[in-house]
Each structure stands twice: as structure tokens, then as C-alpha cells.
Amino acid sequence: MTMVREYIAKRKLNIDELYEKVVKVASDVRKCYAEGLTEKLNDEEFTSMMYLDGCFTLNYICSIVEGNEEDLNKIQQIALVRRDLLLLENQLPFLALRVLMRASFGIAQGEEMITAFIKRIRGEPPKAVALMEYHPEVQTQDGKDKDDDEPVHLLELVRRQFIVPKDFGIGCVISSNWYSRRSAKDFKTVGIHSKPSRTYQFTDIEFKSKCTLGILTLPRIIVDDTTKSMLSNLAAYEACPDYANDLGVTSYICLRDSIIDQDEDVKELRSKGIVMNYLGSDKDVADLFQDTSIKLAPSPHAYLQVESGIEKYHRRVRRNQIATWVSEVKHDYFRNPWTTIAVFYAVVVLFLSFIQTYFTVFPSPGKG
């Protein structure tokens, strides 16, 4: 309640007028919940809950974006609040947030503020703030807000900022080729170098190769105490039966888990600026992705071109390595007839020595 009062005072809002905005959309907001979930609350109790939760959420977001974290130190749980805001079971219908944003500082500024908050979550610097990708509402004749592309809640909006469907390979033909699991350490041994992407989006992953050099581009990620909860809740939202999607976050988690097999892989990615570890040891990061990916099934379309390119490159490099080894053997031991005869003689001697040793250890039954 204290943070709600601070929000009202800071924005110089009329508490009664702001509450009435929520009253007007309360019935539509209630429809966002499953039948029977809110039946214990009467209209006034439900409206009050939406009003208080919405003001609290917006005050927290504003304080983070504006750099006024000291305003939140009174509760000393900044990270815990952020984690709770992204719990699937805690989601507030976005319609309630929107009407409060519009009354507080205008919908465009509200969109920019939430976008800045999400970019802070995924590690982008403050200067990268831009308007959200979905369009502002269109006023209908009866004055109600309408936006077919409006997110259901904040968690879905976070997911939209991480996943760009057009970059996700949807529509690609699923290949029958088998792709083996390879980690960052394995990549390094065959000449695949990693570098950070230009964006922080999970879909911004690319692989390019030339001769014996491969470049794998991966988005940066900050790993802290809230990362596991955020990824788990985004994956849980994708698993909802009534939500048709491309399993973008789920597939990203599984891909990260395959690249990060142990602490040495985290160290390699950390040295490239791809992983920023605020969690603790590198092993903690490896364990996080392993635990989060358990029981997750990625989309068969996800990162198909990347995986295919890595596998083809890996096979080509291995073939070249074998060919190089054979070439070196031929050059060192078969460059003229005399060296060929010497090698042949050495092989025969070794073979005869093996036969002699065998019959010494295992004599013929006929000989006593």
C-alpha cells in the first residue's frame, strides 16, 4: 500500500479518477481469468485488487527504469519482486496495466517505459530504449480500447521482446540428418569461434563458415538469481494448452543447454562476452541451464539452419583432419621405394612378434 501511495503522489494523480478507470474495465479484466478463479471476490474486492496490484507493478517498473532503485530499498527485495512479477501464476491482465498507464502518463510513454524495463531484464544498456513493437490502441466508436495484438499480460510481452518469429526458421523443411550434441569447448577444438550478437534476442543466433573457420553468433545473456525463474516461467507459458506458439524460449533453453555442458563451456562463453555471470561459479550457470531444460522438448524447426551448418562444418573439418594425417603418413613413410620397403618390413616383423608372443602365452593343445 505504501508503494501505491508513493506512485500516486509521485505522478500527482487523482486517486479517485484513477480508480474509476479500473472500475470501467473490471468486468472485462475478470473475463481474463479462468471460470471460478475469482468467484470468491465481489466486484469491489476484485477491482481494488487490480488497482493496487497495477499501481504497485507500474511503480516498481518506473523506479527501475528511471534509476530510482533507492525508492525500493525500503522493502529490500528488488530482485525478488522482479522474479515475482514474471511468475506465470502472478500475471496481471495487461488491460488493467494499460488503463493505468494511459491515465498516468499516456500510453506511448507507458509502452516505452515497459520496453525499457524488459530491455534491462535481458541486459541491454539503457540507451537502447525504443517503443514496443505492437501498435498503440485504436479508439472504437464507443470509446473502448481495441488492439488485437495486445499481449495478455506482462510475461507474454517479455516473451515478445526475446523472440522474433520471422527469424526463427518456421516453415523450414525438417531434415533427417542427425545432429550430435556439441559444447562450446568442442567448438573451439574444430575451429568454431563464438561472438556476441548485435541484439539480445533469443532468435539472433547465426552460424557462418569459411574453409576451416566457423563463426557462431549468440545473444548475450545476464545470468543472475532471477534468470532460472524467468526462463522457467516463459517455458511454462509456452506449454499452456491454449497458447499456440513456436516454442521459441523452450528451444533457446535447450540449445543453450547443449552448448553449455560444463563449467569450462561457461568460461569460454564468458570470455567472449556472451555470458555475464552474476550467479556465482561457472558450474552454477551450467547447472542452471541443465536443470531448466529438463523435460523440455524444443521445436523441430528451431535453429535448424544453425545446427545443420555446425554439423556439416564439423564433418568437413574431421574429414580434412583425417586427410591431412593420411597425407603426412604418405609423405613421411612412403616417399620412395626404400622407405616403403622399410615400413613393410617393420610391419611384418611386428606381426610375427605378435604371433610368437600369442603362442607363447597360449600354447597349442597338442604340445605339452
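In what follows, residues are counted from 1 in the order of the sequence shown.
Remark: Glu238 CD to Leu247 CG distance equals 5.5 Å, nearest 0.5 Å. Atoms CD1 and CZ, from Ile260 and Phe289 in turn, are 5.0 Å apart once rounded to the nearest 0.5 Å. Annotation: the span from Tyr7 atom OH to Ile61 atom CD1 amounts to 9.5 Å, rounded to 0.5 Å. How far CZ of Arg256 is from OG1 of Thr292: 12.5 Å, rounded to the nearest 0.5 Å. Distance check, rounded to the nearest 0.5 Å: CG of Leu155 to CE of Met230 gives 9.5 Å. Separation of atoms OG (Ser293) and CG (Leu255) is listed at 11.0 Å; rounding is to 0.5 Å.
Contact annotation: the side chain of Leu100 never approaches that of Thr57 to less than 4.5 Å [non-hydrogen atoms, C-beta and beyond]. Looking at Met276 and Arg220, their side chains come closer than 4.5 Å, going by heavy atoms from C-beta outward. Ile121 has its side chain within reach of Leu86: a pair of non-hydrogen atoms, C-beta onward, lies under 4.5 Å apart. With a 4.5 Å cut-off on side-chain heavy atoms, Leu58 and Met113 count as touching. Put simply, the side chain of Ile64 does not reach to within 4.5 Å of the side chain of Arg82, judged on heavy atoms. In this structure the side chain of Ile118 never reaches within 4.5 angstrom of the side chain of Tyr200, judged on heavy atoms. Put simply, the side chain of Phe94 reaches to within 4.5 Å of the side chain of Glu150, judged on heavy atoms. At least one side-chain heavy atom of Val29 sits less than 4.5 Å from a side-chain heavy atom of Phe46.
At distances below 3.5 Å, at least one donor-acceptor pair connects side-chain atoms of Thr115 with backbone N or O atoms of Glu111. A donor-acceptor pair under 3.5 Å is formed between the side chain of Glu45 and the backbone N or O of Asn42. Side chain of Ser194 to backbone of Leu269: no donor-acceptor contact under 3.5 angstrom is found. A donor-acceptor pair is defined here as one N or O able to donate and one able to accept, closer than 3.5 Å; such a pair exists between the side chain of Asp186 and the backbone of Ser183. Remark: the backbone N or O of Asp84 is paired with a side-chain donor or acceptor of Asn90 at under 3.5 angstrom. In terms of modelled atom types and a separation under 3.5 Å, the side chain of Thr227 and the main chain of Asp224 share a donor-acceptor contact. No donor-acceptor distance shorter than 3.5 angstrom exists from the side chain of Ser232 to the backbone of Ser229, with no hydrogens or angles considered. Thr47 places no side-chain N or O within donor-acceptor distance of the main-chain N or O of Ala26, the cut-off being under 3.5 Å.
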**Prompt:** Given Leu213 and His193, is the side-chain contact (heavy atoms from CB on, under 4.5 Å) satisfied, shown in steps?
**Reply:** CA-CA 8 Å; Leu213 177 64; His193 301 274; 3.2 Å; yes
**Request:** In sequence, state the C-alpha distance, the side-chain angles, and the governing distance for Ile310 and Glu307, and then conclude on side-chain contact (heavy atoms from CB on, under 4.5 Å).
**Result:** CA-CA 5 Å; Ile310 290 174; Glu307 292 178 340; 5.9 Å; no
**Message:** For His153 and Cys32: C-alpha separation, side-chain torsions, deciding distance, then whether side-chain contact (heavy atoms from CB on, under 4.5 Å) applies.
**Reply:** CA-CA 10 Å; His153 41 57; Cys32 297; over 6 Å; no
**Request:** Begin with the C-alpha distance, continue with both residues' side-chain angles, and end with the deciding distance and a verdict on side-chain contact (heavy atoms from CB on, under 4.5 Å) for Asn233 and Glu89.
**Result:** CA-CA 9 Å; Asn233 279 276; Glu89 61 270 25; 4.0 Å; yes
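Ile15 and Phe56 fall within the same hydrophobic cluster, where Ile, Leu, Val, Met, Phe, Trp and Tyr residues are linked whenever their side-chain heavy atoms come under 4.5 Å apart, directly or through other members. Note: the hydrophobic cluster containing Val22 also contains Val152 (ILVMFWY, side chain heavy atoms under 4.5 Å, direct or indirect links). Transitive grouping of hydrophobic side chains (ILVMFWY, heavy atoms separated by less than 4.5 Å) keeps Leu218 and Ile222 in distinct clusters. Transitive grouping of hydrophobic side chains (ILVMFWY, heavy atoms separated by less than 4.5 Å) brings Val65 and Val81 into a common cluster.
Closest heavy-atom contact between Phe117 and Tyr60: CE1-CE2, 3.8 Å. Looking at every heavy atom in both residues, Asp246 comes nearest to Ser299 through O-CB, 3.5 Å. Annotation for Ile8 and Cys55: closest pair CD1-SG, 4.5 Å, computed over non-hydrogen atoms. Closest approach of Leu88 to Cys240, counting heavy atoms only: CD2-SG, 4.1 Å. Across Leu279 and Leu288, no two heavy atoms sit closer than the pair CD2-CD1, 3.8 Å. Residues Glu156 and Tyr237 approach most closely at OE1-OH, 2.9 Å, considering heavy atoms.
With Arg270 as reference, Asp282 is the one residue of Asp265, Asp263, Asn277, Asp282 to meet the side chain to side chain donor-acceptor pair (under 3.5 Å) rule. Considering Val23, Leu92, Val25 as possible partners of Met50, the one that fulfils the side chain to side chain contact (heavy atoms under 4.5 Å, CB included) test is Leu92.
Residues that satisfy the side chain to side chain contact (heavy atoms under 4.5 Å, CB included) test with Ser197, not counting sequence neighbours, are Asp204, Thr217, Pro219. Under the rule for a side chain to side chain donor-acceptor pair (under 3.5 Å), the partners of Arg30 that lie at least two apart in sequence or sit in another chain are Thr38, Asp43.
A salt bridge between Arg315 and Glu311 is present, with a side-chain N of the basic residue lying under 4.0 Å from a carboxylate O of the acidic one.
For Phe162 and Tyr252, the distance between ring centers is not under 6.0 angstrom.
Counted within 6.0 Å of OH on Tyr33, heavy atoms from surrounding residues, nucleotides or ligands total more than 12; the atom is thus considered enclosed. Annotation: Glu44, atom CD; neighbour count of heavy atoms from other residues, nucleotides and ligands within 6.0 Å does not exceed 12.
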